[in-house]
Structure formats: structure tokens, C-alpha cells
> 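Following this message is one structure expressed as C-alpha cells.
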Amino acid sequence: MSETDELEITQSTNVFEFPKREPWSSAAIKLLKGIVYHDDKGNTWNEILANVSPLTDLFGRLGIVLIINEEDGMAWLHQPEDDELPSDYETIPKLFHKKTLGFEGTLLCVVLRDELRRSEEEDLLNDRCVVKQSELFTTWQMFFPENSDEVRLNDTLSTHLIRLEKMKFVRRFEKCPPSWEIRRILKARLPLEALKTIRNELEAEMAKRRRGGA
């Protein structure tokens with residue numbers, strides 16, 4: 001690109017007049033970036049609740065559904081699959097692409113989802129589900145051969161926890177000893193009715209690996 005081209009682009013940008021910023025503009029950007037929780041820093045959660053109609057309309061025009069779960073205090077965007085849409089709905093390019101977690105990542109999600117379910121059934125007075133990494137590891141290593149290297153397994157667990165933290169599925173609670181808060185978005189991503197199917201798939205994969213087929 002020549003200096004003249006760069007100058008023309010800069011001038012065009014300067015001439016362009018942006019529409020007036022909406023009260024919900026910041027909230028819309030945050031939603032496009034990922035899940036929004038009621039206890040996130042800033043005022044995004046309140047902005048969403050105060051502007052449900054314009055936000056719903058904005059994303060609806062893009063073929064995207066705004067989902068708000070006030071009970072669990074979270075909001076996120078969902079782009080329906082083709083089979084969820086009316087037959088006469090014009091296909092729209094995908095904005096969101098499913099992230100492949102792989103065997104170990106999916107296994108960890110199932111372990112975390114079970115912890116969340118247990119917490120909701122047994123610890124009714126606590127809004128947060130916090131679990132020590134050492135306790136997670138005890139469950140985690142049960143899915144691997146007895147002669148597995150514990151240091152490597154724990155490192156792998158830490159790696160996947162950090163990855164899920166970036167996806168806002170978990171949040172670090174304490175660093176020493178390490179503990180994690182399991183976020184309730186896992187209830188939406190892994191509903192109880194889907195857990196049995198996923199467990200069966202994981203068990204089949206584990207059996208395959210034990211036979212040396214992986």
C-alpha cells in the first residue's frame with residue numbers, strides 16, 4: 001500500500017461521522033466478546049438489564065439470540081444452528097464458531113459440571129461453587145491409567161483450567177493453595193440431559209485408549 005493510499009484511508013476515516021453512541025453500546029461489545037456475569041467489573045450487567053429491548057433487536061437483526069439468565073446472573077449470545085431456524089430463514093454466515101476442547105478438555109468440563117450439580121444440591125447456602133484444585137485432581141486422575149505420571153497429569157489439569165478460565169467457564173478463586181470457582185454457564189453448556197451422552201462418549205474413548213487404540 002502506497003503512502004497516498006494510506007493518506008486517503010485516513011482522510012476517509014476522519015470525514016466519517018459516527019452515529020451517536022447508544023447507552024448500550026459498551027454492553028453490546030462486551031456480549032460480542034463473551035459471557036457477561038453480574039459480578040464482572042464495571043456496570044455491564046446493569047446496562048444489559050436496562051436495555052434488553054434494543055440489544056435484543058440489534059442482535060436479532062444479525063440472526064443472534066440474546067440470552068439472559070437473571071437467576072444465575074449471566075448473559076450471553078447464541079447463534080442458532082441451521083436446524084434451529086425456520087425453513088424459510090435466509091442463511092447467515094457464522095459469527096461464533098464452536099471451540100473444540102478435545103478429550104481432556106471435555107472430560108474436565110464433565111468433572112466440573114458434576115461438582116456444580118453436587119454443590120447446588122448439598123450446599124444451598126452458598127451462591128458460589130468453589131473447589132480446590134487438589135480435589136479436582138483426585139477425581140481427574142481416576143480417569144487415567146494408575147501408572148500415569150502425576151506431575152504431568154496435574155500440569156495438564158492446570159493447562160485446561162487456564163483455558164476454561166479464558167472461556168469464563170471457571171474463575172481462579174485463590175492462588176495458594178489453588179482453588180477455582182465453577183461458573184454457572186456450564187449449566188447452559190452442559191445441561192444434565194446431555195451429560196449421560198457425553199459420559200458414554202468419554203467412556204468409549206477411554207476404553208479405546210486403554211486398548212492402545214488412541
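Throughout, numbering of the chain's residues begins at 1 and tracks the sequence.
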> With sequence neighbours left out, what residues match K187 under side chain to side chain contact (heavy atoms under 4.5 Å, CB included)?
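Applying side chain to side chain contact (heavy atoms under 4.5 Å, CB included) to K187 gives D72, R113, L116, E120, R184.
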> Among all residues two or more places apart in sequence or in another chain, which pass the ring pair (Phe, Tyr, Trp, His ring centres under 6.0 Å) test with W24?
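Testing W24 for ring pair (Phe, Tyr, Trp, His ring centres under 6.0 Å), a comparison that skips the adjacent residues, returns none.
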> Rounded to the nearest 0.5 Å, what separation is found between the CZ atom of R171 and the CG atom of D39?
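Going from CZ on R171 over to CG on D39, the span is 4.5 Å.
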> Holding to side-chain hydrogen bond (donor to acceptor under 3.5 Å, both in side chains), I want the full list of residues that pass it with N43, two or more places apart in sequence or in another chain.
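For N43 the side-chain hydrogen bond (donor to acceptor under 3.5 Å, both in side chains) partners, ignoring immediate neighbours, are N46.
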> List for me each residue that meets side chain to side chain contact (heavy atoms under 4.5 Å, CB included) alongside P178, sequence neighbours excluded, and say none if there are none.
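Testing P178 for side chain to side chain contact (heavy atoms under 4.5 Å, CB included), a comparison that skips the adjacent residues, returns Q133, R172.
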> Spell out, yes or no, whether M167 and V131 are grouped together once hydrophobic residues are joined by side-chain heavy atoms under 4.5 Å, including indirect joins.
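Linked, M167 and V131 end up in one cluster.
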> Ignoring hydrogens, what is the shortest heavy-atom contact between I68 and A75? Give both atom names and the distance.
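Where I68 meets A75 most closely, the heavy atoms are CG1-CB, 4.1 Å.
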> Could you measure the distance from the CZ atom of R21 to the OG atom of S26? Nearest 0.5 Å is fine.
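Atom-to-atom, R21:CZ and S26:OG are 5.5 Å apart.
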> Is the NZ or CZ atom of R189 both under 6.0 Å from the centre of the six-membered ring of F169 and within 45° of that ring's axis?
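Not flagged: R189 not positioned over aromatic ring of F169.
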> Testing I67, I64, I35, V36 for side-chain contact (heavy atoms from CB on, under 4.5 Å) with L77, which one passes?
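Answer to the side-chain contact (heavy atoms from CB on, under 4.5 Å) test with L77 among I67, I64, I35, V36: I64.
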> Can you give me the closest heavy-atom contact between P80 and G63, atom names plus distance?
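Taking P80 first and G63 second, the nearest heavy atoms are CD-O, 3.3 Å.
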> Who are the side chain to side chain contact (heavy atoms under 4.5 Å, CB included) partners of R118, not counting sequence neighbours?
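Checked R118 against side chain to side chain contact (heavy atoms under 4.5 Å, CB included); matches are E115, E122.
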> To the nearest 0.5 Å, what is the distance between CG (L164) and CD1 (I185)?
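Spacing of CG (L164) from CD1 (I185) equals 12.5 Å.
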> Show me the side-chain donor-acceptor pairs of residues 48-59 shorter than 3.5 Å, one per line, residues at least two apart or across chains.
{"from": "N51", "atom 1": "ND2", "to": "E47", "atom 2": "O", "distance (Å)": "2.8"}
{"from": "T56", "atom 1": "OG1", "to": "V52", "atom 2": "O", "distance (Å)": "2.7"}
{"from": "D57", "atom 1": "OD2", "to": "R61", "atom 2": "NE", "distance (Å)": "2.9"}

> Sequence neighbours left out, what passes side-chain hydrogen bond (donor to acceptor under 3.5 Å, both in side chains) with E174? Give chain and number order.
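For E174 there are no side-chain hydrogen bond (donor to acceptor under 3.5 Å, both in side chains) partners, ignoring immediate neighbours.
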> Less than 4.5 Å apart, side chain to side chain, heavy atoms only: is that true for K132 and W180?
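In short, these two side chains do not touch, never coming nearer than 4.5 Å.
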> To check you understand the geometry: which heavy-atom pair defines the closest contact between G73 and W45, and what is its length?
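Smallest heavy-atom distance, with atoms named: C-CH2, 3.6 Å.
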> Anything under 3.5 Å between a donor and an acceptor, one on a side chain of residues 137-144, the other on a protein residue two or more places apart or in another chain? List them.
{"from": "T138", "atom 1": "OG1", "to": "S134", "atom 2": "O", "distance (Å)": "3.1"}
{"from": "W140", "atom 1": "NE1", "to": "L153", "atom 2": "O", "distance (Å)": "3.4"}

> My understanding is that only residues two or more places apart in sequence, or in another chain, count here; which of them pass side-chain hydrogen bond (donor to acceptor under 3.5 Å, both in side chains) with H78?
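H78 satisfies side-chain hydrogen bond (donor to acceptor under 3.5 Å, both in side chains) with E84 once adjacent residues are dropped.
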> Give the cluster check for L157 versus V110: same hydrophobic cluster or not, with ILVMFWY residues linked at side-chain heavy-atom distances below 4.5 Å.
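Yes, L157 connects to V110 through the hydrophobic network.
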> Give a yes or no on whether I162 and F173 share a hydrophobic cluster (residues Ile, Leu, Val, Met, Phe, Trp, Tyr; joining criterion: side-chain heavy atoms under 4.5 Å apart).
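No, it is not one cluster - the side chains of I162 and F173 are not joined through contacts under 4.5 Å.
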> So do R183 and K168 actually touch side chain to side chain, heavy atoms under 4.5 Å?
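No, side chains not in contact.
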> Can you list everything that forms a side-chain hydrogen bond (donor to acceptor under 3.5 Å, both in side chains) with D114? Sequence neighbours excluded, please.
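With sequence neighbours excluded, D114 shows a side-chain hydrogen bond (donor to acceptor under 3.5 Å, both in side chains) to R199, given in chain and number order.
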> Please name all residues satisfying side chain to side chain contact (heavy atoms under 4.5 Å, CB included) with R163, sequence neighbours left out, ordered by chain then number.
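Once residues adjacent in sequence are excluded, the partners of R163 under the side chain to side chain contact (heavy atoms under 4.5 Å, CB included) criterion are L101.
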> Please list all pairs meeting side-chain hydrogen bond (donor to acceptor under 3.5 Å, both in side chains) that have one or both residues in residues 144-153, counting only residues at least two apart or in different chains.
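Qualifying pairs, neighbours excluded: none.
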> Which distance, rounded to the nearest 0.5 Å, do you find between the OG1 of T156 and the CG of L108?
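With rounding to 0.5 Å, OG1 (T156) is 11.0 Å from CG (L108).
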> Output the distance between atom CD1 (I182) and atom CG (L112), rounded to the nearest 0.5 Å.
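Nearest 0.5 Å value for the CD1-CG distance: 4.5 Å.
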